[in-house]
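In the text below, chain A, chain B and the rest are named by the order of the sequence lines, each starting its count at 1.
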Amino acid sequence: MRTHHCNELRTGQIDETVTLIGWVNATRDHGGVIFIDLRDREGLTQVVFRPDDSAEAAKLSHTLREEDVVQVTGLVAARLKTAESDTTNADLATGEIEIVAKQLVIVNKAEVLPFQLDKELSNEDLRLKYRYLDLRRPRLAANLKQRHVITKAARDHLSELGFLEVETPILSKATPEGARDFLVPSRLNPGKFYALPQAPQQYKQMLMVAGVEKYFQVARCFRDEDLRADRQPEFTQIDIEASFVTQDDIIGMIEGMLSSMFSKARGKDVSVPFDRLTYQDAMNRFGSDKPERRIGMEMVDLTEDLKDCEFRVFSGTVASGGVVKAINAKGFSDISTGQIDKLTKLAQEAGAKGLAYIQARDTDRSTWRSPFVKRMSDSEVEALRTKLSIEPGDLILFAADQWEPACEVLGRIRLEVSSLQGLLKDNDDLDFLWVTEFPLLAFDEEENRYVAVHHPFTRPLKEDEEKLRNGELDGLRAQAYDVVLNGYELGGGSIRIHESDLQSSMFTALGISEEEASTEFAHILEAFKFGAPPHGGIALGLDRVVMLACKENSIREVIAFPKNNKGAELMTSSPGGATDSALRDLRIKSTYVEKPKAE
RNA sequence: GGAGCGGUAGCUCAGUUGGUUAGAGCGCUGCCCUGUCACGGCAGAGGUCGCGGGUUCGAGUCCCGUCCGCUCCGCCA
């Protein structure tokens with residue numbers, strides 16, 4: 001029987017007889033004496049086999065291979081440390097002791113692994129295929145532990161605040177708005193389908209009507225969209241809803257919870273409250289609704305200063321109601337032509353016609369390299385100097401367009417420049433902030449109608465409520481808020497609509513007919529008639545939270561069994577085919593239509 | 001659907017202007033080694049250069065096509 005784990009024994013246990021069990025992490029065979037590092041979940045302990053102490057165990061130990069599972073019984077001994085020789089290992093928590101093996105049992109042999117556990121591995125296919133081996137590596141093993149610590153901190157925090165954890169259905173109903181649903185055929189109802197939930201949104205609102213008052217759930221959510229480093233088709237949200245609360249109440253609770261989660265994971269305090277920016281402000285200054293502020297380079301508005309500029313790109317844009325904005329990439333005037341081209345291409349992909357720039361090599365404007373600076377007046381140049389704090393060696397990048405596209409383009413350029421300059425290298429600061437006052441609706445050109453920016457249950461700002469009721473849909477703002485960390489959206493929520501008539505106005509605004517509303521959303525409209533409390537909530541992307549806490553670049557590193565870019569889970573080879581009889585049970589015809597070959 | 005980067009030994013990678021038998025480190029196999037902790041030493045095995053076609057006297061290298069992976073855009077209420 002195991003008496004201790006592999007990160008437990010210290011000098012205090014010297015001379016005790018102990019039994020450890022675990023994996024062979026490394027062997028160092030000297031022909032006579034042989035060392036192995038024994039590993040379990042908790043850590044490493046060195047075991048030494050000596051022919052003099054136990055001939056049989058020592059002989060057997062020569063056959064050991066990495067990742068064999070072995071059980072070792074022996075005596076805890078101090079490692080020798082004298083002036084001449086030091087056999088302790090300061091890198092190991094158990095480095096002052098070792099186990100002098102008396103008995104060795106090989107519990108289970110391991111074949112040679114497809115990759116080495118002590119080396120970084122770039123072949124992610126292989127890692128995912130042998131995920132159970134990949135997870136043995138210290139980095140991923142630590143990530144799994146952190147995920148547990150963080151999830152537990154959230155559960156503890158919310159439980160203390162009186163929240164109830166309630167489970168909602170996984171077999172759920174398709175929603176007309178939002179992401180593509182995963183569909184599940186219903187055998188008992190041929191031709192009908194469940195949908196996997198994109199979020200427990202409607203259920204949690206129904207729980208508020210049910211009088212639960214404070215709800216949370218560690219909820220698995222499903223969206224059948226393309227994948228990214230921070231997007232998986234199934235992911236986990238800390239889903240929260242509360243009754244009789246204001247936006248400030250939710251924000252305060254979440255700040256407390258995130259602070260607890262990150263301080264437990266990172267081992268240092270997270271200060272609250274977080275800064276708050278309005279959507280307008282975030283777009284204006286950072287060109288993004290999830291601003292990364294740690295890189296500086298705030299966007300500066302130059303519309304007034306350049307409205308009469310001889311350079312037509314600027315003055316013409318201003319004349320047609322647009323704006324001119326710029327950033328100062330400090331010390332980047334020696335950017336290569338190739339990199340300028342790359343940025344220009346990026347700006348064009350983002351919808352701009354081009355990218356105007358000034359390489360301010362030295363103080364005097366005659367040293368500035370730029371396609372247009374010669375056409376600027378002295379006063380215009382001085383305005384730039386002051387507003388952008390231009391110093392020798394700076395690179396200035398401009399966007400001129402209507403407000404929103406100009407902000408978006410320059411926001412992207414800003415992030416790309418930061419990455420070219422390596423501004424965030426080794427930066428592990430945590431910059432939390434809230435973005436508030438999101439627009440309620442956005443006009444969708446393709447569908448020729450307004451769509452909900454957040455979702456159709458989001459409440460407008462108090463002062464915009466009457467406008468929604470009257471169908472004045474332009475410029476409405478929502479009581480919606482996103483929490484952002486280091487340029488990642490960690491989560492978002494809103495105060496909801498809780499009145500049947502206001503919800504109907506919302507559906508009307510979205511072009512959802514009364515018939516459709518009464519079939520798709522009947523339960524909501526009806527429930528709101530029976531005494532629905534005012535309520536609101538938020539959902540946090542747990543995978544992203546853990547990713548950032550663990551300083552990883554992909555949520556795949558913090559999910560036990562993630563999917564690749566094609567949505568496949570390579571260990572079990574899901575998704576797989578279905579047998580004809582299974583399909584028959586589901587009344588699904590198996591039709592394989594070959595894609596016509598392109599000319 | 002689009003763009004970028006990548007695919008060479010089990011793993012991580014190098015491979016110049018197209019030129020002899022495609023290399024290194026780790027791992028693996030065998031032998032040696034009684035204080036290592038990335039143990040060390042000696043020897044050895046291991047390759048459809050993703051796949052198909054083309055140019056060429058000659059292709060890992062150039063061209064065309066294609067497959068796969070990753071990152072990003074679109075998409076993700």
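You'll find the ring centres of A:His62 and A:Phe49 outside the 6.0 Å limit.
With P as the reference atom, B:rG4 and B:rU16 are 23 Å apart, rounded to whole Å. When the P atom is compared between B:rG6 and B:rC62, the two are found 11 Å apart, to the nearest whole Å. Comparing the P positions of B:rG25 and B:rA14 gives a spacing of 16 Å, expressed to the nearest Å. The separation of B:rA24 from B:rC63, taken at their P atoms, amounts to 29 Å, rounded to a whole angstrom. A gap of 16 Å separates the P atoms of B:rU29 and B:rA45, to the nearest Å. Nucleotides B:rG52 and B:rC57 are separated by 23 Å at their C1' atoms, to the nearest Å. Taking atom C1' in both B:rG19 and B:rC73, one finds a spacing of 43 Å when rounded to whole Å. Using C1' as the reference atom, B:rC28 and B:rG47 are 15 Å apart when rounded to the nearest Å.
A:Leu126 comes within 4.0 angstrom of the backbone, heavy atoms only, and of no base. Looking at heavy-atom distances under 4.0 Å, A:Gln46 makes contact with a base. Within 4.0 Å of A:Asn564, counting heavy atoms only, lie sugar-phosphate atoms of the nucleic acid but no base atom. The residue A:Pro456 sits close to a base: some heavy atom pair falls under 4.0 Å. Counting non-hydrogen atoms under 4.0 angstrom, A:Arg228 reaches a base of the nucleic acid.
A straight line from CZ of A:Arg544 to P of B:rC76 spans 14 Å, rounded to a whole angstrom. Whole-Å rounding puts the A:Lys119 NZ to B:rC28 P distance at 10 Å. We find that CG of A:Asp230 is positioned 9 Å from P of B:rU71, with the value rounded to whole Å. Here the P atom of nucleotide B:rC11 and the CZ atom of A:Arg137 are 14 Å apart, to the nearest Å. Rounded to whole Å, atom P of B:rC72 lies 7 Å from atom OH of A:Tyr488. Following rounding to the nearest Å, A:Leu44 (CG) and B:rU36 (C1') show an atom-to-atom distance of 14 Å. Between the P atom of B:rG4 and the CD atom of A:Gln348 lies a distance of 14 Å, rounded to the nearest Å. Between the NZ atom of A:Lys342 and the C1' atom of B:rU71 there is a distance of 11 Å, rounded to whole Å.
Within 6.0 Å of the CZ atom in A:Phe115, the count of heavy atoms belonging to other residues, nucleotides or ligands exceeds 12.
Across all strands shown, B:rU12 forms a Watson-Crick or G-U wobble pair with B:rA24, both key distances being under 3.5 Å. Nucleotide B:rC37 forms a pair with no other nucleotide shown, judged by Watson-Crick or G-U wobble geometry with both contacts under 3.5 Å. If you check B:rU17 for Watson-Crick or wobble pairing at under 3.5 angstrom, you find it has no partner at all. In this structure, B:rG58 forms no base pair with any nucleotide, since neither Watson-Crick nor G-U wobble geometry is met with both distances under 3.5 Å. Searching all strands for a Watson-Crick or G-U wobble partner of B:rG69 with both distances below 3.5 Å returns B:rC5.
For A:Asn565 and B:rG69, the shortest distance from a side-chain N or O to OP1 or OP2 is not below 4.0 Å. Contact annotation: A:Arg127 does not reach the phosphate of B:rU12 (side-chain N/O to OP1 or OP2, under 4.0 Å). Contact between the side-chain N/O atoms of A:Arg28 and the OP1/OP2 oxygens of B:rC39 is found at a separation under 4.0 Å. Regarding contacts with the backbone of B:rG69, a side-chain N or O of A:Lys566 is found under 4.0 angstrom from either OP1 or OP2.
Counting atom types as modelled, A:Arg79 pairs a side-chain N or O with a base atom of B:rC37 as donor and acceptor under 3.5 Å. A donor N or O paired with an acceptor N or O is found under 3.5 Å between the base of B:rG74 and the side-chain atoms of A:Asp226. Judged by distance alone, with hydrogens and angles left aside, A:Arg231 brings a side-chain donor or acceptor within reach of the base of B:rC76, the pair sitting under 3.5 Å. Taking only distance into account, the side chain of A:Gln116 meets the base of B:rG10 through a donor-acceptor pair shorter than 3.5 Å.
Residues from residues 54-69 of chain A placing a heavy atom under 4.0 Å of any atom in RNA chain B, listed by number, are A:Arg65. Near RNA chain B, meaning a heavy atom under 4.0 Å away, the residues from residues 87-99 of chain A are A:Thr87, A:Thr88, A:Asn89, A:Glu98.
In terms of position along RNA chain B, the nucleotide closest to A:Leu80 lies nearer the 5' end than the nucleotide closest to the other residue of the pair A:Asp29 and A:Leu80. Positionally, the nearest nucleotide of RNA chain B for A:Glu349 lies more toward the 5' end than for the other of A:Ala26 and A:Glu349.
Atom CZ in A:Phe222 sits 9.0 Å away from atom CZ in A:Phe235 (nearest 0.5 Å). Residue A:Arg412 holds its CZ atom at 13.0 Å from SG of A:Cys407, rounded to the nearest 0.5 Å. Atom-to-atom distance recorded for A:Asn564:CG and A:Leu570:CG is 4.5 Å, nearest 0.5 angstrom.
Ring orientation note: the planes of A:His455 and A:Phe457 are tilted relative to one another, at an angle of 30° to 60°.
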Applying side chain to side chain contact (heavy atoms under 4.5 Å, CB included) to A:Glu437 and A:Gln280, what does each step give before you reach the verdict?
CA-CA 8 Å; A:Glu437 291 183 30; A:Gln280 187 82 11; over 6 Å; no
Going through the checks in order, is the side chain to side chain contact (heavy atoms under 4.5 Å, CB included) test met by A:Leu440 and A:Leu461?
CA-CA 9 Å; A:Leu440 184 69; A:Leu461 284 190; over 6 Å; no
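By the ring pair (Phe, Tyr, Trp, His ring centres under 6.0 Å) test, A:Phe507 is found to be paired with A:Phe521, residues two or more places apart in sequence or in another chain being considered.
Side chain of A:Leu121, nearest nucleotide from B:rC11, B:rU34, B:rC76: B:rC11. Of all nucleotides listed (B:rG69, B:rC73, B:rG4), B:rG69 comes nearest to the side chain of A:Asp125. Looking at the side chain of A:His30, the nearest of the listed nucleotides B:rC75, B:rU34, B:rC76 is B:rU34. When distances are taken from the side chain of A:Ser122 to each of B:rC70, B:rC11, B:rU12, the shortest belongs to B:rU12.
Considering A:Gln503, A:His535, A:Glu241 in turn, A:Glu241 is the only one that fulfils the side chain to side chain donor-acceptor pair (under 3.5 Å) rule with A:Arg496. Under the salt bridge (Lys or Arg N to Asp or Glu O under 4.0 Å) rule, A:Glu557 has a single partner from A:Arg127, A:Arg544, A:Lys551, which is A:Arg127.
Using a distance-only test at 3.5 Å, with no hydrogens or angles considered, a donor-acceptor pair links the side chain of A:Thr508 to the main chain of A:Ser504. In this structure, the side chain of A:Thr519 engages the main chain of A:Glu516 through a donor-acceptor pair within 3.5 Å.
Defined by atom type and a distance below 3.5 Å, a donor-acceptor pair is missing between the side-chain atoms of A:Asp29 and A:Thr27.
Here A:Phe35 packs flat against the base of B:rU36; its ring centre is closer than 5.5 angstrom to the base's six-membered ring, tilted by less than 30 degrees.
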